[in-house]
Amino acid sequence: MMESEHELDASFDPTAILEQLPSEHPIRGASLLELSFRLPLRSVMLAFLAVFTAPAWPFYLLGRAIWGRPPNVPRARQILRYLRLAWIGRPPAPGLSFLARLWLTLSILRKVVVI
């Protein structure tokens, strides 16, 4: 008996674990050259955003005292948890390099600055 085309395709098997979806493009990590350019730029932009948004923080804190914490703003405990997991978390192979962990840290801090 001949099996149908769907039975041969692993994407239709509910028990199969695919590395990537059939129409998905392969993901490649940033090269060392790209990260050596992006990390200092991200750091400078983070410092610029911190200085630029600093005058708005008193208004945010006043609004928080009056109306409470907005639901889309994580608590300080949650932000510290994200930062801790960025540095000590052990993702599956190939894992995260030091520069990738640094990138995650800058990304988390950027979200805090632009709250």
message = Just checking Arg75: does its CZ atom have more than 12 heavy atoms from other residues, nucleotides or ligands closer to it than 6.0 angstrom?
response = no
message = Please check: side-chain N/O of Glu34 versus main-chain N/O of Ser31, any donor-acceptor pairing under 3.5 Å?
response = yes
inquiry  = Looking at Val114, is its backbone amide N or carbonyl O close enough to the side chain of Arg110 to form a donor-acceptor pair, meaning the two atoms are under 3.5 Å apart?
reply    = no
key: Residues clustering with Phe59 (ILVMFWY side chains joined when closer than 4.5 Å, directly or via others)   = none
Pairs satisfying side-chain hydrogen bond (donor to acceptor under 3.5 Å, both in side chains), at least one member in residues 39-54, at least two apart = Arg42-Ser107
note = Nearest heavy-atom approach of Val73 to Tyr60 is CG1-OH, 3.4 Å
ask   = Any chance the rings of Phe98 and Trp87 have centres within less than 6.0 Å?
value = yes
task = Quick one: name the residues clustered hydrophobically with Leu104, using the 4.5 Å side-chain heavy-atom rule over I, L, V, M, F, W, Y, and just say none if it's on its own.
result = Leu96
Contact list for residues 76-92, test salt bridge (charged side-chain N to carboxylate O under 4.0 Å, His left out), sequence neighbours left out = none
request  = Check the angle between the aromatic planes of Phe48 and Phe52 and answer parallel, tilted or perpendicular using the 30° and 60° thresholds.
outcome  = parallel
query = Can you list every pair that meets side-chain hydrogen bond (donor to acceptor under 3.5 Å, both in side chains) and has a residue in residues 94-104, with sequence neighbours left out?
reply = none
Gap separating the CG atom of Leu85 from the CG atom of Leu80, nearest 0.5 angstrom = 11.0 Å
key: Gap between atom OG1 of Thr105 and atom CG of Leu39 - 0.5 Å precision   = 10.0 Å
ask   = How long is the span from the CG atom in Leu83 to the CD1 atom in Ile108, to the nearest 0.5 Å?
value = 4.5 Å
message = Please give the remaining members of the hydrophobic cluster of Leu62, linking ILVMFWY side chains under 4.5 Å, ordered by chain and number.
response = Ile66, Trp67
message = If hydrophobic clusters are built by linking Ile, Leu, Val, Met, Phe, Trp and Tyr wherever their side-chain heavy atoms come under 4.5 Å apart, do Phe37 and Leu99 end up in the same one?
response = no
